[in-house]
Amino acid sequence: MVHLYNLHPFGSQQVVPCKREPERVCGGGRDALFVAAGCKVEAFAVAGQELCQPRCAFSTLGRVLRMVYSEAGTGSKTSQLEPDDFVICQKPTELLGEKSEQSGLSVTLESMGWADGSTEYCHVRHLLYRRFTPDVSFYSLADEIKLHSLHLLPVFHTGLLTSDGKNVSQEKELLSLFCFFSLPHVGYLYMVVKAVELMSIYQYPEKSQQAVLTPQFLHVITSNNLQCFTVRCSAAAAREEDPYMDTTLKACPPVSLDVCALRIQLFIGLKAICHFKNHIILLTKAEPEATPERRESPKRLLSRKDNSVKNKIPPAVEAGWNLYIVNTVSPVQLYKEMVDYSNTYKTVKTQSCIHLLSEAHLLVRAALMDTGQLEPGERAELLEAFKESCGHLGDCYSRLDTQHSHLTLPYYKMSGLSMAEVLARVDWAAENEPQKYEKGLIFYINHSLYENLDEELSEELAAKVVQMFHVTEPKQLPHVLCSPSMKNVNPLTALSYLSKLDTYGFSSILVTLTKAAVALKMGDLATYGSEMKSHSEMKLVCGFILEPRLLIQQRKGQMVPTELAGHLKDTQPGLLVAAVLGLQKNNKIGIEEADSFFKVLCGQDEDKIPQLLVDFWEAQLVACLPDVVLQELCFKLTSQYIWRLSKRQPPDTTPLQTSEDLINACSHFGLIYPWVHILVSSDSLADKNYKEDLSKLQSLICGPSFDIASIIPFLEPLSEDTATGLSVHILCRTRLREYEQCLDMLLERCPQAVIPYANHELREENRTLWWKKLLPELCQRIRCGGEKYQLYLSPLKEALSVVAVELELRDFLNVLPEDGTAAFFLPYLLYCSRKKSLT
C-alpha cells in the first residue's frame, strides 16, 4: 500500500545552459555537473541556489554512450553492452543470495582500459536473480514489461546515532547495500548485505520511464510527472549499525512500514532523470506537433492512388528540450512540513499520524546517515530535529491505543526529554472531569520510575503520578512511591492512597513496609511501629526483596541508604543484615554494592570497616551463598579480626553473633582446638570483645574452608610475643603441617601446652614425631638446665609415657639419651618390657 501526501520535497529549479541537446548526464565531486552530447562534454558548476555556471568543455574520441564520475576523474565509455530482452516465462522465479548462481547466467569481467591486470582485483558476487511473468492481458506493449532502472546504493557507518556516540574512522566502512530495479509499473527494493531480502514494492500510479534511488527518496518520472517516494534504507541500516535497536533503549520505524508518495509534480515531456547530491537533473523534450499536408491540386489528384490527408513533420522543425536542475529542500525543512501536516491527524488519533511522523523520523535519520551531504552547520540542526521527532513519536504511542504502545519508552528516551517534560505534554483533564490514561504513558512512567533517572518530580507532578497509578495499576503504587523520583510526594497523600489499597483487598507485606517508610518520613513513630509489628521478621525480609529501594536508592550514580535503612540500623540491625543478605541471595544487590551500602550507612571511610559490615560478612558465611567467593570472604573477616586484635580496637557496635553462635550455625567456623585455650589462658588483660574477635579468628582458622597460606603474610601485626599472636601463628603453621616448627615455638614460649598440642596433632603418620622430635628436644632442654627446668620435666614424663607405649623395648632404648640417669628412665623401661605380657 502506498500512502499519498501533498508535501513539497522539491524547491527551486533552474535551467542548465548547455549548447546541445543532452544525451548523457552525470554529477560528481562537490559541485560538478557533466553533460554529454555526441563527442562533446560540457562541465558546469552547481552551487546551492546560485545559477548553474559553465566551467569547461572537452571532446572525446567517440560518441559518449555512458558517463560515470569517480574520485580520480570522469570516465566515458564509447561502447555499450545492451541488456538481453526479458522473456515471458510460464513461472516467475526469485533466487536470493548464493542460490541466484543457479539461474544459469554467467558473468565475465573484461577490462576496457590498459592491460594492467586490474581485473584481478574485481570479483563477481551473485546477489539476486528474478524472473517475471507479467499478466499479458494487462499490458498491451512489450515496452510495458521492460526493465528500465537498476541502482546499487551503499550506506556507510557514521556512528552519529549509535549507543556509544563515537564517530567511526575517516575510512568508509560499508554498513548496508541496497539494490533497486524497476519495471514501468512497479519497482522493487532489496537489501543485499548479510542476506538478500525484499524490503519494499512500489506500485506506480501510472507508467514510469526511469527511476533513481537516493538514501532518502525514490524519484520516478513518467511522461508528465515527477514523483517522490519514501524509502526504508535508513530503517534497515539503523538495525545493522546499532545493536541496541528494537530494545527499551532504542527504536526505529519498521522496515515493513508502508511507503508513501510525498509529491507528484507536473513536469511536461520528461525523458530522463539523474540524481546528484541534493539536486535532481531532469531532461524534458517537447515533441513538435504534426501538421497536416495541403491537398494537391485537382489536376494532380487524378494521378494519385491515395487522396487522403497525411500528417507530416517539417524537417526544419526540431523538438524543444531543456535540462533542469531541481533542488530538493533541506531535510529539516521537509521534516518540519511533515510534522505540521501530521497535526491534522492529531485530534482524530489515527495510525496516519504515526505513519507520517515515522516518515519524518526516517527522513532525518537518513540525512544523518548520509554524512557526505551534510554542510558544517547541518549536523547539529539534524540531531535536534531527530530528538524532536523521537518526542513526537513518543507522544503518539503514549496517547494512541495501539499494540505498539511499548514504543513510548524508547522514543521518549531518544528524545532526551525529562520525565517532567513528558508529563507536561500530557493532555490533563479538568479537575472534575475523568482522566483517561493510555497504556503507553503508563508503561513509560512505570519504567522510568524504576530506572533511577536522577530526576525528582515536583509535588504537583508526583501527586498526578500517584493518582495515575491508583486508577490504572494500584498494585504498582508501593513501587512507585519507593522511586527516588517521587521524593517530593506529599506523605499524607501517599499514606491516603496506600490505605485505600487495604480496603481494595491489596494488603500485602509490601504495602505494610511502604506505609511504615512514609510514616517514618512524617515522624509518626506510632504508625511506623504498628506496621512493622504486624508481620514476622521473615516476612519483612521478603518485602524488602520485593522492593529493594525501601532500603537502597541510587542518586547521581551514588548509592544512598534510605531513612528507613538508617532507622533499622539503630533499632533492628539484625533485620537490616538479614534483608540485605536476602537481596544478595536474589541477585538484587552485588557483593561490592552491599559492602559500600554498610559503609555509607554507618558513615565510615572506605578504609574503616563498621561492625555491621562484619556482621553481614559473618551472615554471608552462615548462609553459604553460592555466588560469594568463599576465600575472599574468609580473607575479609580474618583481616578485620587481625586488625582489631593488633590495635586492640573494639567494635563500634555490639556484634550480632558470638563465636559460639557461628560455630553452631556454620560449618566454615570450626571447633577451636583444646590446646589453644591453654595458650591464651595467660592473657588476663583481654576484654570480652577482644576475646570474641580472637575466638572467631581461631575458629575460622580451625575450620575446613579457609586457605591458610593466603593469610600468613598478613599475620605480622600479631606478634608472637603475645599469647594471642602465638596462638594464631601456631594454628596457621599447624594447618600447614609444619609440626616441628610448632613444637619448637611451644617449647620456647609455652612448654605447658606442648603435650596437649602433641596429643591433638601428632597422630597417625605424625606419631613418630613423639620420639624423633619431641622427646629429644625435651631431653636436650632439661640437660641444659635453667629456670624452665621444672616446666620441661612434666612434659618429658608425659612424652616418655607415650613413647613407652608406642615402641618396642629395643627401639625405646635407642631413643633414650645415653647420658641419662637410669633411675629416672627405669619405670618407663619396665613398663615397655612388660606391656607385651600385659596385652
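Heavy-atom basis, side chains included; hydrogens, waters and symmetry copies ignored.
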Does the side chain of Asp595 come within less than 4.5 Å of Ile609's, by heavy atoms?
no
So, the side chain of Arg735 versus the backbone of Ile701: is there a donor-acceptor pair under 3.5 Å, distance only?
yes
Has Lys439 got its NZ or CZ under 6.0 Å from the middle of the six-membered ring of Phe443, at an angle within 45 degrees of the ring axis?
no
Minimum side-chain heavy-atom gap Ile445-Leu423 below 4.5 Å
yes
Take Lys691 and Leu694 through the test side-chain contact (heavy atoms from CB on, under 4.5 Å) and record every step on the way to the result.
CA-CA 5 Å; Lys691 290 181 178 179; Leu694 179 58; 5.6 Å; no
Student check: side-chain heavy atoms of Pro651 and Arg644 closer than 4.5 Å:
yes
Residues which pass ring pair (Phe, Tyr, Trp, His ring centres under 6.0 Å) with Phe598, listed by chain and number, not counting sequence neighbours:
Phe616
Can you confirm whether Lys788 is buried at NZ, in the sense that more than 12 heavy atoms of other residues, nucleotides or ligands lie under 6.0 Å from that atom?
yes
Using a strict threshold of under 4.0 Å (side-chain N to carboxylate O), is an ion pair present between Arg555 and Asp454?
no
Calculate, to the nearest 0.5 Å, the distance between atoms CG and CD1 belonging to Leu731 and Ile672 respectively.
8.5 Å
Of Ile678, Leu774, Ile730, the residue whose pairing with Leu746 passes side chain to side chain contact (heavy atoms under 4.5 Å, CB included):
Ile730
Just to verify, which of Lys250, Glu451, His447 counts as forming a side chain to side chain contact (heavy atoms under 4.5 Å, CB included) with Lys413?
Glu451
Spacing of CG belonging to Leu550 relative to CG belonging to Leu513, to within rounding of 0.5 Å:
5.5 Å
Find out whether Tyr757 and Tyr739 are in side-chain contact, i.e. whether some heavy atom of one side chain is under 4.5 Å from a heavy atom of the other.
yes
Quick one: ring pair (Phe, Tyr, Trp, His ring centres under 6.0 Å) partners of His668, sequence neighbours excluded?
none
With a 3.5 Å distance limit and no angle check, can you tell me whether Thr408 reaches the backbone of Ser398 through a side-chain donor-acceptor pair?
yes
For Thr512 and Glu531 the tightest heavy-atom approach is CG2-O, 3.1 Å
Looking only at heavy atoms, what is the nearest atom pair of Arg749 and Asp721, with distance?
NH2-O, 3.0 Å
Is the shortest side-chain heavy-atom distance between Phe714 and Phe635 below 4.5 Å?
yes
How far does CD of Gln640 sit from CH2 of Trp617, to the nearest 0.5 angstrom?
6.0 Å
Determine the interplanar angle of the Tyr397 and Tyr411 rings, folded into 0 to 90°, and report it as parallel if under 30°, tilted if 30 to 60°, perpendicular if over 60°.
parallel
Short N-O contact, Glu765 and Arg737, less than 4.0 angstrom
yes
Residue set satisfying side-chain contact (heavy atoms from CB on, under 4.5 Å) with Pro561, at least two apart, ordered chain then number -> Ala565, Phe597, Val600, Leu601
Surrounding CD of Glu660 (heavy atoms of other residues, nucleotides or ligands, distance under 6.0 Å), is the total greater than 12?
no
On a heavy-atom basis, which atom in Ile591 and which in Lys636 lie closest, and how many Å separate them?
CG2-NZ, 3.8 Å
Hey, mind stepping through Thr562 and Gln553 against side chain to side chain donor-acceptor pair (under 3.5 Å) and telling me if it holds?
CA-CA 7 Å; Thr562 63; Gln553 296 186 350; over 6 Å; no
Minimal heavy-atom distance between Leu778 and Leu747, with the atoms involved, is CD2-CD2, 3.5 Å
Ionic contact status for Glu806 with Arg767, cut-off 4.0 Å:
yes
Working to the nearest 0.5 angstrom, can you tell me the gap between Cys482 SG and Glu547 CD?
4.5 Å
Rounded to the nearest 0.5 Å, what separates atom CG in Leu762 from atom CD in Glu764?
11.5 Å
Measure the spacing between CG of Asn488 and CD of Glu456 and express it to the nearest 0.5 Å.
5.5 Å
So, using side-chain contact (heavy atoms from CB on, under 4.5 Å) as the criterion, who are the partners of Leu417 when residues are at least two apart?
Tyr412, Ser415, Glu421, Val422, Arg425
Do Ser727 and Gln698 have side-chain atoms, one donor and one acceptor, less than 3.5 Å apart?
yes
Residues in salt bridge (charged side-chain N to carboxylate O under 4.0 Å, His left out) contact with Glu798, at least two apart in sequence or another chain
none
Return the set of residues passing side-chain contact (heavy atoms from CB on, under 4.5 Å) with Leu671 (not counting sequence neighbours), or none when no residue passes.
Ile663
Any chance you could lay out the ring pair (Phe, Tyr, Trp, His ring centres under 6.0 Å) test for His567 and Tyr528, step after step, and finish with the verdict?
CA-CA 11 Å; His567 190 73; Tyr528 167 83; 4.8 Å; yes
Could you check if a side-chain atom of Gln554 sits within less than 4.5 angstrom of a side-chain atom of Glu593, using non-hydrogen atoms only?
yes
Between Glu761 and Trp675, does any side-chain donor sit less than 3.5 Å from a side-chain acceptor?
yes
Report yes if the side chains of Lys569 and Cys602 come closer than 4.5 Å at any heavy-atom pair, otherwise no.
yes
Side chains of Arg733 and Gln741, donor plus acceptor under 3.5 Å:
yes
Heavy atoms of Ala709 and Leu736 approach each other most closely as N-CD2, 4.2 Å
Check whether any side-chain heavy atom of Leu662 sits under 4.5 Å from a side-chain heavy atom of Ser659, and report yes or no.
no
Do Arg549 and Tyr450 form a cation-pi contact, if we require the NZ or CZ to be under 6.0 Å from the six-membered ring centre and within 45 degrees of the ring's axis?
yes
